[in-house]
Amino acid sequence: MANRIFSGVQPTGQLHLGNYLGAIRNFVALQGDYECLYCMVDMHAITMWQDPKELTQATRTVAASFLAAGLDPKRNIIFNQSRVPAHAELAWIFNCVARLGWLNRMTQFKEKAGKQRENASVGLYAYPVLMAADILVYKATHVPVGEDQKQHLELTRDIAQKFNHDFGVEFFPITEPIIQGEATRVMSLRDGTKKMSKSDPSDYSRINLTDGPDQIADKIRKARTDPHPLPETIEELEKRPEADNLVGIYAALDDITRHQVLHHFGGKLFSDFKAQLIDLAVARLGPIGTEMQRLVKDPDHIDGVLANGAERAAAMAAPILREAKRIVGFLGA
Ligand code: TYM
């Protein structure tokens with residue numbers, strides 16, 4: 001089977017450095033070697049309440065970030081999920097394949113629903129099933145994501161396996177995650193034990209892709225650190241979450257390893273290291289932010305890219321969905 005990539009980003013809140021280093025940057029790196037579909041997952045977004053106008057706008061902003069980061073809309077299929085109904089149709093079939101016990105184990109649901117479990121939407125609970133449908137409706141073989149999506153991808157594999165087993169077919173591929181780079185789990189700048197996240201109330205916890213040089217500098221300067229100089233070894237680094245996070249960010253932005261960063265900065269003061277990190281972050285992220293600002297001023301261009309992407313995605317999904325329906329025994333498929 002040919003290699004095919006699918007990945008998605010939710011159009012909610014501000015895209016941040018974690019989304020960039022954990023996902024979007026890898027999308028760009030993979031675009032030459034695979035057939036790629038990159039999706040704004042607006043149907044996943046509404047599993048939590050979204051203001052309709054903001055959702056539309058955020059969908060364009062995520063698309064702008066993909067383009068600004070260097071994804072070519074001709075070589076890749078870039079689109080928003082709700083435009084291709086095949087995702088929802090396959091998700092229903094998968095709702096009948098996945099087991100309650102599997103979903104009960106999903107840690108992201110537990111985190112997001114929190115104490116309000118009884119009041120969480122059914123969509124939030126079924127979220128990983130829709131994710132499996134996103135991927136398998138294209139028979140994608142590889143999925144680049146950050147570390148936090150690993151469990152969902154294991155569920156995708158379980159669903160594919162059970163579908164194949166229950167119907168006695170070898171139809172859906174067993175998808176491989178691609179979790180690569182030095183920053184697969186970027187942590188909050190305020191707390192090295194918490195993931196950098198769109199939903200953190202403190203804007204100082206994250207670097208947004210649209211932050212200008214002054215904001216980037218200010219946030220890195222204020223990032224929490226411990227009082228010691230930078231460690232010399234990886235073993236030392238691993239015991240110091242804030243240091244580990246900043247070193248990981250540096251390594252990822254500069255395309256080197258943590259080890260190489262320590263070789264250079266081990267024993268130096270955080271103030272020196274942070275000054276270099278600021279320069280590096282501004283050099284890497286500045287142009288993306290500027291290009292995003294330019295692109296969002298031209299919504300017609302973005303909407304055109306997404307319409308074209310949706311058309312190509314729908315054409316690719318149609319025969320796979322039809323075959324899945326035939327396998328299930330739906331008359332007329
Ligand atoms: P989302 O929108 O939360 O995040 C988009 C991508 O960014 C990665 N990411 C991070 N990586 C490193 N450090 C962080 N702090 C960090 N925060 C986020 C995520 O791992 C993700 O790759 N469920 C998905 C969207 C989705 C999807 C899919 C992904 C829907 N269908 C099918 C892959 C395939 C999500 O909520 O991502």
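Note that ligands are numbered from 1 as they come in the structure, with each ligand's atoms numbered from 1 the same way. The residues of the chain are indexed from 1 along the displayed sequence.
For the 3.5 Å distance criterion, the side chains of D42 and S82 qualify, holding a donor opposite an acceptor. Remark: the N208 side chain and the T210 side chain contain no N/O donor-acceptor pair separated by less than 3.5 Å.
Under a 4.0 Å N-O distance rule, the pair R60/D303 qualifies as a salt bridge. Remark: K162 engages D166 in a salt bridge, criterion side-chain N to carboxylate O under 4.0 Å. Classification of E89 and K325 as a salt-bridged pair holds, one side-chain N sitting under 4.0 Å from a carboxylate O.
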Test salt bridge (Lys or Arg N to Asp or Glu O under 4.0 Å) on D148 and K195; report intermediate values, then the result.
CA-CA 9 Å; D148 61 342; K195 195 179 73 174; 2.9 Å; yes
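Residue-level contacts of ligand 1 at the 4.0 Å heavy-atom threshold are F6, S7, G8, V9, Q10, H16, G18, N19, G22, A23, V41, H44, Y127, M131, D134, I135, V143, V145, G146, D148, Q149, A183, T184, R185, V186, K195, M196, K198.
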